[in-house]
Amino acid sequence: MKARTSQNKLWGGRFRKPTDPRVERFTSSIGVDARLARYDVRGSIAHARMLGACGLLSRAEAARLVGGLTKLLRAIERGAFKPDPRAEDIHTQIETMLKAMIGPVANKLHTARSRNDQVALDLRLYCRDVAEQLDGQIAALQRALVDAAAAHQDVVIPGYTHLQRAQPVLLAHHLLAYVEMLQRDRGRLADAKGRINISPLGAGALAGTSLPINRRAVARALGMSGVAGNSLDAVSDRDFAVELVSALALLGVHLSRFAEDLILWATEEFGILELDDAFATGSSLMPQKKNPDVLELIRGQAGIILGGCTALLTMLKGLPLAYNRDLQWDKAVVFQAVDASSSAVGVLIPFVQHLRIRRSRIGRLLESDELCATDIAEELVRHGVAFRTAHEAVGRVVREAAVRGRRVRDVAAASLPLFVRGLDARALRRLDPRQSVARKVSEGGTGPRQVRQAIAQWRRRLRPAR
Ligand code: ARG
């Protein structure tokens with residue numbers, strides 16, 4: 001379906017000269033906001049029905065508008081809608097197309113409405129949809145992570161702080177850390193949705209209207225939970241967009257950190273995972289290379305989303321009330337952040353489903369027994385030694401082991417029982433990373449029991465609703 005737009009403006013009346021084509025090109029937003037087509041039409045359908053119900057249009061007029069708009073909506077949903085580069089924006093194009101379809105009665109659609117409240121509504125409806133879609137995608141990624149955790153429940157890896165070996169942890173525990181982060185991301189999206197889902201329609205350009213409209217009926221018809229309380233705020237508020245994009249920024253940070261972990265793990269130095277051929281890329285020069293480009297792109301993309309958050313806030317900070325055209329740029333930023341987030345989550349789901357853990361290689365990472373130093377200190381505490389004292393004593397053991405090229409646990413077994421009554425030298429000698437993990441009992445820790453429970457709990461929480 002194509003629009004017939006010759007005098008393609010909604011505001012020609014007071015102008016004596018045509019707009020300079022360079023201005024038209026510069027001010028047009030159709031290239032970006034065409035994405036809002038379906039939301040624009042849905043909003044217009046609710047608006048037209050309300051105008052009819054309030055007596056601002058006759059029943060027949062309202063029915064013609066709704067009929068034409070419904071056809072347009074079907075065309076959009078079929079993918080048969082083409083943005084018209086000559087249109088100023090999506091609102092103009094839809095109205096022009098409607099007029100071509102149903103004639104001059106289309107001129108009544110904009111009664112008691114401005115593009116200012118209209119575009120705010122469209123963007124809110126879009127953001128609401130996107131928040132729901134992303135929630136579903138993130139839940140799928142969480143499920144993939146829980147499945148990977150369950151599949152590798154017995155794998156112990158070194159845990160790091162400062163990127164220095166710290167204490168052994170279960171690989172599953174590490175993966176589940178991201179499930180927690182993603183759950184908070186979903187919480188933020190849901191929270192943002194509450195404030196997104198408020199109707200600005202009826203605010204008019206900025207002041208409301210002298211015509212007897214029913215804002216609440218429109219909101220209800222669109223499944224929105226209420227109407228914006230102040231018309232000036234309604235047309236100039238983009239907090240909801242900032243909230244969505246900042247939730248995505250944090251999601252982007254989480255995905256980026258995960259990507260970074262996997263990139264490290266896929267190095268020969270770490271050797272924790274092997275990149276699946278279908279999810280890796282090669283080098284045009286070095287025949288042996290298998291590169292984690294997917295993960296790097298995700299890590300880099302986070303910068304774009306974070307930048308979007310800053311861009312939106314910066315756009316808003318100096319704006320006087322109420323609507324200003326600066327706000328037209330909001331959509332490009334929101335769409336870019338949404339696309340980046342959705343594509344990153346979308347590719348990470350199969351990536352995680354194809355994780356290939358190098359179990360035999362991981363064994364070598366655990367050979368150094370310094371990882372168990374804290375366990376030895378905790379063993380001393382269990383025998384009544386103050387933690388500071390135990391820390392000092394084990395620190396000396398570690399130093400001595402390093403100097404003499406011996407294993408920490410052997411030096412510990414040889415020296416510590418001399419000072420601590422009841423300390424079992426053989427038990428110290430047996431300490432290894434696997435045991436270290438097995439000894440963890442605290443809630444939320446890396447103990448196998450806790451991790452098993454966490455997996456079961458996530459499975460329950462993430463069960464799809466339908
Ligand atoms: N394309 C505009 C936007 O995205 C629509 C609103 C235009 N309103 C106006 N008063 N010029 O913000």
Side-chain angles (χ1 to χ4, degrees), residues 3 5 7-15 17-44 47 76 81 83-98 107 109-130 196 198-209 228 230-242 244-245 308 311-339:
T5 41
Q7 16 60 297
N8 50 355
K9 277 197 184 59
L10 302 178
W11 42 265
R14 66 105 63 224
F15 291 82
K17 280 207 227 166
T19 316
D20 187 289
R22 288 161 293 193
V23 171
E24 282 198 324
R25 246 178 285 124
F26 183 66
T27 55
S28 165
S29 59
I30 188 71
V32 171
D33 62 21
R35 192 190 287 223
L36 295 177
R38 69 187 62 205
Y39 306 101
D40 196 73
V41 175
R42 279 186 210 147
S44 287
H47 183 65
I76 292 164
F81 174 83
D84 178 354
R86 290 163 306 167
E88 181 180 329
D89 55 27
I90 187 62
H91 326 294
T92 310
Q93 184 176 345
I94 299 281
E95 209 178 299
T96 311
M97 290 172 80
L98 186 65
N107 288 328
L109 174 62
H110 215 49
T111 308
R113 191 173 70 171
S114 155
R115 278 182 298 164
N116 297 352
D117 53 350
Q118 187 178 0
V119 73
L121 174 74
D122 294 3
L123 189 59
R124 281 174 182 272
L125 292 176
Y126 169 82
C127 289
R128 182 180 72 180
D129 253 18
V130 150
I196 289 169
I198 300 290
S199 173
L201 216 62
L206 76 166
T209 174
N230 178 302
S231 59
L232 290 164
D233 181 41
V235 291
S236 62
D237 170 27
R238 292 295 183 273
D239 293 6
F240 66 94
V242 174
L244 174 67
V245 173
L312 276 183
L313 288 165
T314 311
M315 262 178 231
L316 291 170
K317 71 174 271 298
L319 287 192
L321 289 185
Y323 177 85
N324 300 270
R325 192 67 176 266
D326 313 43
L327 293 176
Q328 179 162 292
W329 294 117
D330 61 356
K331 286 168 285 298
V333 174
V334 171
F335 296 164
Q336 190 181 38
V338 166
D339 291 347

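Numbers for residues simply follow the sequence, beginning at 1. Both ligands and their constituent atoms are indexed starting at 1 by order of listing. Just so we're clear, the structure is a prediction, and the values are computed from it rather than from any experiment.
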A.B. asks: Quick test: of every protein heavy atom, which one is nearest to atom 12 (O) of ligand 1, and how far off is it to 0.1 Å?
C.D. replies: Tyr323 OH, 2.4 Å
A.B. asks: Flag the pair Glu88 and Arg115 as a salt bridge only when some basic side-chain nitrogen lies within less than 4.0 angstrom of an acidic carboxylate oxygen.
C.D. replies: yes
A.B. asks: Which atoms of ligand 1 sit under 4.0 Å from any heavy atom of Ser29?
C.D. replies: 1 (N)
A.B. asks: Quick check: do His91 and Asp122 have side-chain heavy atoms less than 4.5 Å from each other?
C.D. replies: yes
A.B. asks: May I ask you to list the atoms of ligand 1 that are less than 4.0 angstrom from any heavy atom of Lys331?
C.D. replies: 3 (C), 4 (O), 12 (O)
A.B. asks: Compute the shortest N/O to N/O distance between His91 and ligand 1 and return yes if it is under 3.5 Å, no if not.
C.D. replies: no
A.B. asks: What are the atoms of ligand 1, with element, lying closer than 4.0 Å to any heavy atom of Arg325?
C.D. replies: 11 (N)
A.B. asks: Is any NZ, NE, NH1 or NH2 atom of the basic residue among Asp339 and Arg35 found under 4.0 Å from an Asp or Glu carboxylate oxygen of the other?
C.D. replies: yes
A.B. asks: Report the part of Asp330 (side chain from C-beta onward, or backbone N, CA, C, O) that has a heavy atom under 4.0 Å from ligand 1; answer both or neither where that applies.
C.D. replies: neither
A.B. asks: Donor-acceptor pair, distance only, cut-off 3.5 Å: does the side chain of Ser231 make one with the backbone of Leu206?
C.D. replies: yes
A.B. asks: Could you check atom 8 (N) of ligand 1 against the protein and tell me its nearest heavy-atom contact, residue, atom and distance included?
C.D. replies: Asn116 OD1, 3.0 Å
A.B. asks: Look at the side chain of Asp33 and the backbone N and O of Gly31, then say whether any donor-acceptor pair between them is shorter than 3.5 Å.
C.D. replies: no
A.B. asks: Students should be able to answer this: which protein heavy-atom is nearest to atom 2 (C) of ligand 1, and at what distance?
C.D. replies: Gln328 OE1, 3.3 Å
A.B. asks: Does Phe81 reach the side chain of Ile94, with side-chain heavy atoms less than 4.5 Å apart?
C.D. replies: yes
A.B. asks: Going from OG on Ser28 to CD on Gln328, what distance comes out if it is rounded to the nearest 0.5 angstrom?
C.D. replies: 7.5 Å
A.B. asks: Which atoms of ligand 1 sit under 4.0 Å from any heavy atom of Asp89?
C.D. replies: 1 (N), 5 (C)
